Amino acid sequence: MKNNEKMDAVLGRAMALVNQLTPAQASALSEVDSEALYNAGIDALEQDHFEDALEIFGHLAALMPGNPRYSFGFALCLQHFGEIQLAGEYYSLAYALDPSDAACAFRLGECLANVGQIEAARDALGAAIQLTELPKSDPGIRHLAEQLLDQLQ
């Protein structure tokens, strides 16, 4: 199987999970299990195992759509594989669930810029810059957001 075909198959399985699982199934996954699975997803991202991370975060986002970390992780994987529109939708969900997340606002701005929604991208990037003032925010996001904002002007 070619690499693109393999990726399409992985993405297809992840999206099938998102579309088929119900909230009732989420109750079957304990908080401890979901946290362990989340950590496995983070480890996969850190080791550049994006296919594994996509499946993990797809599963978590399907089971617990109200958790912004899971939607963000899934969006990050989707963006990595070039599924920009869909990634933007999951970043939007994550950002709606946690409007204090500067990284999410930045990533949403990236996606919006990539699909040609420049004004909305500027708004998201402006929000990311403002959110970097919050105590737990990564200050490096400010620089990235300012760079992208400058490119959009």
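Numbering starts at 1 and runs along the sequence shown. The structure displayed is predicted, hence computed values, not measured ones.
- How far OG of Ser71 is from CG of Leu76: 12.5 Å, rounded to the nearest 0.5 Å.
- Between Ala94 and Cys104, the shortest heavy-atom distance links the atoms CB-SG, 3.7 Å.
- Judged by distance alone, the side chains of Tyr91 and Glu110 never bring a donor and an acceptor atom under 3.5 Å apart.
- A single hydrophobic cluster is not seen to contain both Leu86 and Val115; linkage of ILVMFWY side chains at heavy-atom distances under 4.5 Å, directly or through other members, places them apart.
- Put simply, SG on Cys77 and NE2 on His49 are 12.5 Å apart, with the number rounded to the nearest 0.5 Å.
- For the salt bridge (charged side-chain N to carboxylate O under 4.0 Å, His left out) condition, the pairs that include at least one residue of residues 69-80, sequence neighbours left out, are Glu35-Arg69.
- In this view, His143 satisfies the ring-ring contact (aromatic ring centres under 6.0 Å, His included) rule with no residue, not counting sequence neighbours.
- Side-chain heavy atoms closer than 4.5 Å link hydrophobic residues (I, L, V, M, F, W, Y) into clusters, and following such links, possibly through other members, connects Tyr95 to Met64.
- In terms of the side-chain hydrogen bond (donor to acceptor under 3.5 Å, both in side chains) criterion, Asp123 has no residue partners (sequence neighbours excluded).
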Where do Ile56 and His59 land on the side chain to side chain contact (heavy atoms under 4.5 Å, CB included) test, with the steps shown first? CA-CA 5 Å; Ile56 291 167; His59 187 74; 5.8 Å; no
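- Listed by chain and number, the residues in a ring-ring contact (aromatic ring centres under 6.0 Å, His included) with Phe106 amount to none (sequence neighbours excluded).
- Tested against Ser34 for a side chain to side chain contact (heavy atoms under 4.5 Å, CB included), the candidates Asn39, Leu60, Asn67 yield a single pass: Leu60.
- Taking Leu112 as the reference, Leu108, Gln117, Ala120, Ala121, Ala124 meet the side chain to side chain contact (heavy atoms under 4.5 Å, CB included) condition, with sequence neighbours excluded.
- Asp98 is linked by a side chain to side chain contact (heavy atoms under 4.5 Å, CB included) to Pro68, Ser100, Asp101, counting only residues two or more places apart in sequence or in another chain.
- Looking at residues two or more places apart in sequence or on another chain, you find a salt bridge (Lys or Arg N to Asp or Glu O under 4.0 Å) between Glu119 and Arg122.
- Hydrophobic clustering (ILVMFWY, side-chain heavy atoms < 4.5 Å, transitive): Ile129 and Leu131 are in distinct clusters.
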Kindly determine whether Leu152 and Leu125 satisfy side chain to side chain contact (heavy atoms under 4.5 Å, CB included), including the steps that lead there. CA-CA 10 Å; Leu152 296 177; Leu125 294 169; 3.7 Å; yes
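- The hydrophobic cluster containing Leu45 does not contain Ile84, counting ILVMFWY residues as joined when their side-chain heavy atoms lie under 4.5 angstrom apart, directly or transitively.
- The minimum heavy-atom distance linking Ala128 with Ala145 is given by the pair CB-CB, 4.2 Å.
- Partner of Phe57 under the side chain to side chain contact (heavy atoms under 4.5 Å, CB included) criterion, out of Phe72, Tyr90, Phe74: Phe74 alone.
- Using bins of under 30°, 30° to 60° and over 60° for the plane-to-plane angle, the ring pair Phe50/His80 lands in the parallel bin.
- For the side chain to side chain contact (heavy atoms under 4.5 Å, CB included) test, residues two or more places apart in sequence or in another chain that qualify with Asp43 are Glu46, Gln47.
- The salt bridge (Lys or Arg N to Asp or Glu O under 4.0 Å) check on Arg142 picks up Glu133, Glu146, with sequence neighbours excluded.
- The minimum heavy-atom distance linking Ala87 with Gln79 is given by the pair CB-N, 3.6 Å.
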